[in-house]
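Computation of the quantities below employed the complete heavy-atom set of this structure, encompassing side-chain atoms and omitting hydrogens, waters and symmetry-equivalent molecules. Counting convention: from 1, in listed order, for ligands and their atoms alike. If you read the sequence from its start, that first residue is 1, and numbering goes on from there.
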Amino acid sequence: MKVYDTSSIRNVAVVGHGGCGKTQLVSAMLFDAGMVNRLGRVDEGTTITDYDEEEIARKHTLGSSLAYAEWNKVKINLIDTPGFANFLSDARAGLRVSDAAVVVVDAVSGPEVQTEKVWETAHEQGLPRLVVLNRVDRERASLERSLEALRGLFGRTIVPVTLPIGAEKDFTGIVDLVSMRAYTFPADGSGKAKEVAVPANMTEAAATAREALIELVAEADDSLMERFFEEGTLTQEELVSGLRTSTRAGKVFPLFCASATLNVGVPQLLDAIVAYVPAPDERPFPAVSRQGGDPVEVAADPSAPCAAFVWKTIADPFAGRITMFRVVGGTLKADSTVHNVSRDVSERLGALLVLQGKGQTTVPELQAGDLGAVAKLRDTHTNETLGDRNLAFTIPPVVFPEPLLAYAIEPKSRGDEDKISTAFHRLEEEDPTIRYGRDPQTNELLLSGQGQLHIEVTVAKLKRRFGVDVNLKLPRIAYRETITASTEAHGRHKKQTGGHGQFGDCKIRVEPLPRGADFEFVDDIFGGSIPRQFIPAVEKGIQEARQRGFLAGYPMVDFKVTLYDGSYHDVDSNELSFKTAGRLAYRDAMSRARPTILEPIMNVEVFAPSEFAGDLMGDLNSRRGRIAGMDSRAAMTVIRAQVPMAEMLTYEQTLTSATGGRGSYQMEYSHYEEVPTHLQGKIVAAYKAERGLQPEAED
Ligand SMILES: Nc1nc2c(ncn2[C@@H]2O[C@H](COP(=O)(O)OP(=O)(O)OP(=O)(O)O)[C@@H](O)[C@H]2O)c(=O)[nH]1
Ligand SMILES: [Mg+2]
């Protein structure tokens, strides 16, 4: 495989809402660039980037994957990313190592929930964005409506650079507003464009759209603006270079119309990526100094000390670990030794790999800016920096979200536990958004992740790749307990029969604290009624007891304990006695502090065609949801609500069947709230039944 120099590389992440056609679009780009000799199709499970069996079966991308297309002698690295909320963190990781985002939008639904999320991430990173309006061939597709919605969300600097020729199933070509050339594409999906005259019925619209494009490009640059005022227009050269500069600066977001399944408009997108996306040496990469952690910028200089950032790891049971990285600076050579700067260990590299989906080709070296992979590293994980031992900087980690919900899992066959644990730890390396471990209270095995789908997919991977099968039990809700009244309480522990006695005695005051405050302990002992050295023991006794709640057994939170008095015995007092006294005082306090149960409340956003809005709101109401707002975009409605997590466990199925699969939702943790009194009994009973544990009140 050929070595590409830094200036001949473009790195783009293809991002967007689930199902907008990212994978199909990448497939069309690979085909048009001649990288494959057949147009792979998502619907047939034949794309390069959805190669995982689970992806093929579900027809959705579940993890980012890497491919490349050579176009006009430039190597375009394409990161195909997932669009489902559960897997979006992988899109974030992909954006981190890209120099621009290709934001794909469905021309029927317009921008959707995840479109906003990825746009925001790209914005935070200051990435240029090309917008692809895809699925223009579908019924009810509309450039106008989608553009209006896009501009409503992201500003008026989104501007079409191509216009569709023909609508819906007659979408056969595009007019390029920069060159004012028109192209039509054959119906066979070959992508072989034929240049034609701009259709007569479009000349006016095209001229107007071109004017709008020129004006926007002029606005983005003072000197162009002056020229524009003088001449009333820009020259062709000024337009081309102005569009390039303003796109790179994130001042203009050019939009391209396409159909990825019909392979229409795709070569123009490849041209645009080469022209408008900065090469790695034109965009410094953000890093932090190893000295002070201060932000620094790294230029993609192939002769600088070598540095590479690991953005993804794949756990393959046979090939071992595959580590995917971006060479940030310098040149990485095959079979060399590099330093893992994050862990301060050295790593021996084997062959350097260029990935085409799951396909691998070896390459002698990779220059600054390029993306590649290497197999079987010993100690290197996602988010770490490899390179010269004396590297002055590291690359800051991508922040992955904490798991949202947990399922209890049981091995299907006994004796599989060790195997399961090894396999999950491998999968954790691949997916930093899952957690696997044992519940310290119940000793159950728990798998936590971003949502039901995420957990199911993880379990499916476990089975397919590692040959172990598990049963999933309904997720548990992380309830909490708290108090609603202040009170004083007394705990006295005394055992003074025979031998060495035990004596501890304390008085505490408990008061509710605001939500989220957790726990506070105040030592208010004056005059030595409890000797200094025993005060931490009282706190420890209370800390331990509060972990076991009072009503059901969930951790007791958001309260303050003030230790204000007590007594001791010269001989018999010891730490253990005061710890026990603390626990007894806690129990005494709880019996009068009117404890109650708290539940997690989620911020939920539901996105669906507007005709379903009424039904979906009714359903959310019946789930104890509070509707916070509603928005319409194109033909879609977004409903925002706050709903108890306990009511959302089965939401995925409901939404899918209510909307025929056209609705989507996402949720994130918001805060804790008191569970309505009439539901508390059920929670307490369920806790006991499930865990067979005695709550603190009863032991
Ligand atoms: N009619 C039409 N269908 C398309 C087009 N592009 C993609 N599709 C179909 O839309 C569905 C989703 O396409 P994908 O490429 O898997 O979408 P994606 O954005 O990768 O989806 P996720 O990976 O789940 O985020 C598939 O059935 C595709 O065949 C298009 O331009 N026109
Ligand atoms: Mg996909």
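Which of Glu168, Arg138, Lys22, Arg135 comes nearest to atom 10 (O) of ligand 1 through a heavy atom is settled by distance: it is Arg135.
Side-chain atoms of Glu120 and His123 include no donor-acceptor pair closer than 3.5 Å. The closest side-chain donor-acceptor pair between Thr656 and Gln653, if any, does not fall under 3.5 angstrom. With no hydrogens or angles considered, no side-chain donor-acceptor pair links Thr46 and Arg41 at under 3.5 Å.
Figure legend: Arg326 and Trp311 shown without cation-pi pairing, the cationic atom not lying both under 6.0 angstrom from the six-membered ring centre and within 45 degrees of its axis.
Metal site remark for the Mg ion (ligand 2): Gln24 contributes no N, O or S atom at a distance under 2.8 Å. The distance from the Mg ion (ligand 2) to the nearest N/O/S atom of Thr61 is under 2.8 Å.
Note: an N/O pair closer than 3.5 Å links Gln24 and ligand 1 by distance alone. In terms of polar-atom proximity, Val136 is not counted as a contact of ligand 1, lacking any N or O under 3.5 Å from an N or O of the ligand. Backbone and side-chain nitrogen or oxygen atoms of Phe84 are examined, and none is located within less than 3.5 angstrom of a nitrogen or oxygen of ligand 1. Considering backbone and side-chain atoms together, Pro82 places no N or O closer than 3.5 Å to any N or O of ligand 1.
Sparse packing is recorded around CD of Glu204, with 12 or fewer heavy atoms of other residues, nucleotides or ligands lying under 6.0 Å away.
With ligand atoms numbered from 1 in the order given, ligand 1 contributes 20 (O), 22 (P), 23 (O), 24 (O) to contacts under 4.0 Å with heavy atoms of Thr61. Against a heavy-atom cut-off of under 4.0 Å, Ser259 is close to the following atoms of ligand 1: 30 (C), 31 (O), 32 (N). If you number the atoms of ligand 1 from 1 as listed, the ones under 4.0 Å from a heavy atom of Val42 come out as 14 (P), 15 (O), 16 (O). Residue Gly83 has at least one heavy-atom neighbour below 4.0 Å for each of these atoms of ligand 1: 25 (O). In the vicinity of Thr261, heavy-atom distances shorter than 4.0 Å reach the ligand 1 atoms 1 (N), 2 (C), 3 (N), 4 (C), 5 (C), 8 (N), 29 (O), 30 (C), 31 (O), 32 (N). Near Asn134, with a cut-off below 4.0 Å to any heavy atom, the atoms of ligand 1 are 5 (C), 6 (N), 31 (O). Applying the 4.0 Å criterion to heavy atoms of Ala260 picks out, from ligand 1, the atoms 6 (N), 30 (C), 31 (O).
Only the side chain of Asp137 comes within contact range of ligand 1, with a heavy atom under 4.0 Å; no backbone atom does.
Residue Ala658 comes nearest to Leu616 through the heavy atom pair CB-CD2, 4.4 Å, listed as atom of the first residue, atom of the second, then distance. The shortest heavy-atom contact between Ser98 and Leu127 is O-CD2, 3.4 Å. Among all heavy-atom pairs drawn from Asp32 and Pro267, the shortest one is OD2-CD, 3.6 Å.
Residue contacts with ligand 1 include Gly19, since one of its heavy atoms falls under 4.0 Å from the ligand.
Annotation: atom 27 (O) of ligand 1 to nearest protein heavy atom, Asp43 OD1, 2.6 Å. Ranking protein heavy atoms by distance to atom 17 (O) of ligand 1, first place goes to Gly21 N, 3.0 Å. Of the protein's non-hydrogen atoms, His60 ND1, 2.5 Å is the one closest to atom 24 (O) of ligand 1.
A salt bridge links Asp99 with Arg283; the closest basic N to acidic carboxylate O contact falls under 4.0 Å.
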Item to check | side chain to side chain contact (heavy atoms under 4.5 Å, CB included) assessment of Leu216 paired with Phe253 | outcome: CA-CA 10 Å; Leu216 210 62; Phe253 305 108; over 6 Å; no
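Counting only heavy atoms from C-beta outward, the side chains of Ile455 and Leu472 approach each other to under 4.5 Å.
No donor-acceptor pair under 3.5 Å is formed between the side chain of Ser259 and the backbone N or O of Asp137.
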